[in-house]
Each structure stands twice: as C-alpha cells, then as structure tokens.
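Naming: A, B, ... by sequence-line order, numbering from 1 per chain. Note that the coordinates shown come from a computational prediction; the quantities given were computed from them, not determined experimentally. Below, each value reflects all heavy atoms present in this structure, side chains not excepted, and no hydrogens, waters or symmetry copies.
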Protein chains: 2
Amino acid sequence: MRSSDLPEVRALGLFNSMGEENFEALMQAAYLQTFPPQLDLVHEGDPADFLYVVIEGCVELYANANRREATMAMVHPVSPFILAAVLKDAVYLMSARTRARSKILLIPSEDVRSIFELDDAFARAMVLEMAGSYRYVIKEHKGLKLRSSVERLANMLLRQDHEFGDGSGTFDLPYDKRTLASLLGMTPENLSRAFNTLKPYGVEVDGTTIRLTDIKALKTLAKPTPLIDDPKT
Amino acid sequence: MRSSDLPEVRALGLFNSMGEENFEALMQAAYLQTFPPQLDLVHEGDPADFLYVVIEGCVELYANANRREATMAMVHPVSPFILAAVLKDAVYLMSARTRARSKILLIPSEDVRSIFELDDAFARAMVLEMAGSYRYVIKEHKGLKLRSSVERLANMLLRQDHEFGDGSGTFDLPYDKRTLASLLGMTPENLSRAFNTLKPYGVEVDGTTIRLTDIKALKTLAKPTPLIDDPKT
DNA sequence: CGCGGGATTGAGATGCATCAAGCAAAGTGG
DNA sequence: CCACTTTGCTTGATGCATCTCAATCCCGCG
C-alpha cells in the first residue's frame, strides 16, 4: 500500500494506540484498492474474510430480506466497518457497496484477529469502536420504534444543519433522496410527501439543497433528544 | 456479596478469562442486591454509574420518546447489560426495570473501566461481548425494517419453538403479550390480530401457551433467515 | 361475588406503501 | 445542437397495515 495513506489510517482511533510493529504487520497484510461507485464489496451471509476501512469515498451498508432492501448506514472516511463479524469470525449481517469512487483498505480477518490477540492496545481500541457502533444502532432503532417518518426526517434535517451547516440554515442533503428515504425507513414517495408536510415548518427544498427558515418551529415538531440524535455520545 | 454466587458470575464469558486478583477486586467493589418486580434500575439519560449483571430473574430494557415507550430487549441470567455506556463513560441510552424478582450485581463504572485498563483478558472479553450485543441489535433492526408485524411474530414463534420447545411444537410465551407486542414493535391489539391471521398456519393460542401444528406452513409465511433469526451467530 | 388488569374485538381514522403517470434535469447519440 | 432516452423526483389515486379509542370479555384474586 502507498505510504502516503498510512498516516491517516494510523491516526484512526482503532489503530492509533497499537504497537508500531503490529501496525506494520497489519498493513503488510492489507490491500489498498480503489473501487468504482456502485460496486458490491460484501454480501450478507458471506464469511467475514476482511475488515474494511474506508479511506476515501463513501460506502453504503444495506440488507435484504423478503425481496425488500433497506439501507442500514452510510460509512464515511476514515472509518472501519463490519468489525463485529470479523472479530466473531462469523458471517456478515449486512451487505456493502460503494456509493462513490472509493479508496478502501482491506485487512484479512485472520490477521486482524491474530493482532487482536497480540496487541492489548488494539484490543482496547476495538472495544471503544464497537461500543460506538453499538450505540449508533441503538439510536437508529429507537428512532424507528418511537418516531413517525416525518419526525425522523425533521430530526435528520436538524442534525444535518447542526453538524454540517454554516449557521445560515442552508445545507445540502448528504445523499440522493432515494437513499435518504431508505435510511429513514420510508419509501421515496413518502419522503417527498414528508418534505411537503414540513414546508409549514420552514423547510424549503430545492433539489438537493435545503433551507431551514424556522428552526424553532421545526424543533417543536421534531422534539429532538440527545438520546437519539446526538452522534457524539 | 455471597460467595455462592461468585462461580456463576466468574463463569460468564465476560469474566471467565480475567486474572483472579482483578476479578476479586471487581467483586470487592460490587454490590449484589435483590430487587422486587417492576422496579426501575436505570433511567435513560442518567450517567452510567454501574455495570449491571442479571444473576437471577429478568430485566427489561426500554426507551421513551414522544410519550411513547418501546421495549428494546429482555435480559436473562446470567448476562451483563448497558456495557457500552459504562465503557464510554456516557449516559445510558435505555432504561431498565426488573420484570421479576431479580438478583442483580452492580459494579461501579469506574472500577469496570480501571480493571478494563489493567486486565488484557477482560478487555478482550469485552470486545466479544460488545460484538454479540451489536449483532443482536442489527438483527432486530433488520427485522423491523424488512418485515411486517405478522412476519416478525411468526419468526419469533418459530425461534421460540426451536430454542425452548420440546419438539412437540408446544411451548409457553416467554412474557406477557403486552410486552411481546412492544418488543415486536406493535400494539397489544395488533398482536392479538396477528395471532388470528396466523391461525390458518397452524398457530393455536391458549392464554400464554402456544401450539404450532403446521411448522412447514408457518415457515413458508415467515421466511426465516439465520441473518436475522439465528441468535447464535 | 365483585373487582381489576390483561386480552380481545370492533369501528374508525391515519400512516404508509403501492401503482401509475407525469416532469424535470442530465446524459447520449445522431 | 437537438431529439431521445435515462434517471430521479414528484404527484395523485387507491388499498392495506397499523394505530387509536371504546367496549367487552376473561380470569385470577381478594
């Protein structure tokens, strides 16, 4: 792999505390590849052969059943994904595909597990990484069980504005609407209608850019809570 | 704490590999208490002061928002819960209450974290515990997003029969129907109706006991998949 | 025997999905 | 440069799934 990519991988929470020789051993075994968009990296049910780390681009985690499909999460640089399956030496529970041209690091599962046994700092970093992922899914699950689709959309907009907005209330949607809909647990048609029902609350939609002109009103409807919407805790 | 309880705690995956002196230090700091049913142990949003381990009885994890409530999971002996919040030194994302008279071990968070730093085997055990919990929630989330309520019920019945049945197709529901409904993401009324729509598929309900007389038909409807329904992987 | 809580049933409203067009912006190829 | 497809989004009409509210039932328990 290119040495210019090493520092940013090394800087990752998962890798920044482990021993130098173990890190090098991992990178020695790893492959760095660039994939085109819409390429399937992982299929649910397959044995977990690799741990993946998104270095550049974007990866969608999704799942199928009953001839339905649901987007489970989007992974952005620089983050690992499907860590749990690798650790447990089990099958993947989710599929993964690139959503943009993406540079991705593939580390063979066996190497991850053997370094996990060898390097105590790496093991501890894994716990925190797993704990973060766990809490993310719990929040998603709470949102799905406790909120209506309009509320989920409203909260997503508020979060997006807060995290990525410049303070003006204007920002761009992070993905196309079809993906957003699936991520929020609804159909594209319904997302469209949900935007309409949010119009009286100061939500202006122009293609992929959003303007929130009445955040107070939107919050009244969305009733955000850090126990679902705070990505940090 | 009573020494007669130590062996079963020690036998837990989370504790069985750690050093003896560290285990004793943890137990030294811990409290073992028996609680009556329906007692609130933990409220979401509170800082994570303790790691809990159910020794006897049963604990419900639930969450509130928008004046709704949802059961997130049921915890049975012998298992820890809310490990992630303790590790991250964050607030609890879920509330917890006893559902039966329960003997519960409380270990102060700080002690858990300091032993986590000290004992490498303990840290590794945590990773596997977290990975298991993570995969459990992912499966729940997939079920909720990809299946109808009737399908969720059907699969729950099949799983229950497979795990706890005696092979005759007869078994008892693990909780009252109101709780089951919430766990499955529906209202009690709807659970009742869902049982009715399953009647043609050989599902006989008598109070809390269930008889499955046509498992093949039920499976045709439920379309179970290990990627959602297998509790082991 | 009556009381009370969970479970069921029914009726009605609502949320959400589905199906089917329509539309606009962005490619594509002549 | 312009038809022509393609793709993503929207809109409308309709039906099903699920929730809500209310009434009733059932059973265990005082």
Find the distance [X]:[atom1] to [N]:[atom2] and express it as a whole number of Å.
X	N	atom1	atom2	answer
A:F195	D:dT11	CZ	C1'	16 Å
B:L144	D:dT18	CG	C1'	13 Å
A:R178	C:dT18	CZ	P	12 Å
B:L184	D:dC19	CG	P	11 Å
A:Q38	D:dT7	CD	P	12 Å
A:D206	C:dA25	CG	C1'	12 Å
B:M186	C:dC16	CE	P	17 Å
B:K177	D:dC25	NZ	P	18 Å

Q.
Quick test of your reading of the model: are A:R97 and A:E69 salt-bridged, counting only N-O distances below 4.0 Å?
A. yes
Q.
Between A:E44 and B:K139, does any side-chain N to carboxylate O distance fall below 4.0 Å?
A. no
Q: Can you run down the salt bridge (Lys or Arg N to Asp or Glu O under 4.0 Å) pairs that involve residues 152-165 of chain A, sequence neighbours left out, and say none if there aren't any?
A: A:R159-A:D229
Q.
For A:E189 and A:S148, find the nucleotide of DNA chain C closest to each by heavy atoms; which residue's nucleotide sits nearer the 5' end?
A. A:S148
**Q.** Check: B:F35 main-chain N/O paired with B:T98 side-chain donor or acceptor under 3.5 Å
**A.** no
Q) Sub-3.5 Å donor-acceptor pair from the side chain of A:K177 to the main-chain atoms of A:G207, do we have one? A) yes
Q | A:R68, nearest nucleotide to its side chain (from C:dT18, D:dT20, D:dC9) | A | C:dT18
Q) Of all the choices, D:dT20, C:dA17, D:dC9, which nucleotide is nearest to the side chain of A:D176 once you look at every atom? A) D:dC9
Q: Work out how much the helix from C:dC1-D:dG30 to C:dG30-D:dC1 bends between its end axes, five pairs an end, to the nearest 10 degrees.
A: 20°
Q) Between the base of C:dG15 and the side chain of A:R193, is there any donor-acceptor pair under 3.5 Å? A) no
Q) Any donor-acceptor pair under 3.5 Å between the side chain of B:R67 and the base of D:dT20? A) no
Q: For B:R178, check side chain to side chain contact (heavy atoms under 4.5 Å, CB included) against everything at least two apart and list the hits.
A: B:D176, B:P188
**Q.** Phosphate contact (D:dT18 OP1 or OP2) by B:S149 side-chain N/O below 4.0 Å
**A.** yes
Q) Side-chain N or O of B:N196 less than 4.0 angstrom from OP1 or OP2 on C:dT8? A) no
Q | Among B:N196, B:L221, B:N190, the one residue meeting side-chain contact (heavy atoms from CB on, under 4.5 Å) with B:V150 | A | B:L221
Q) Contact class for A:N190 vs. all strands (heavy atom < 4.0 Å): base, sugar-phosphate, or nothing? A) base
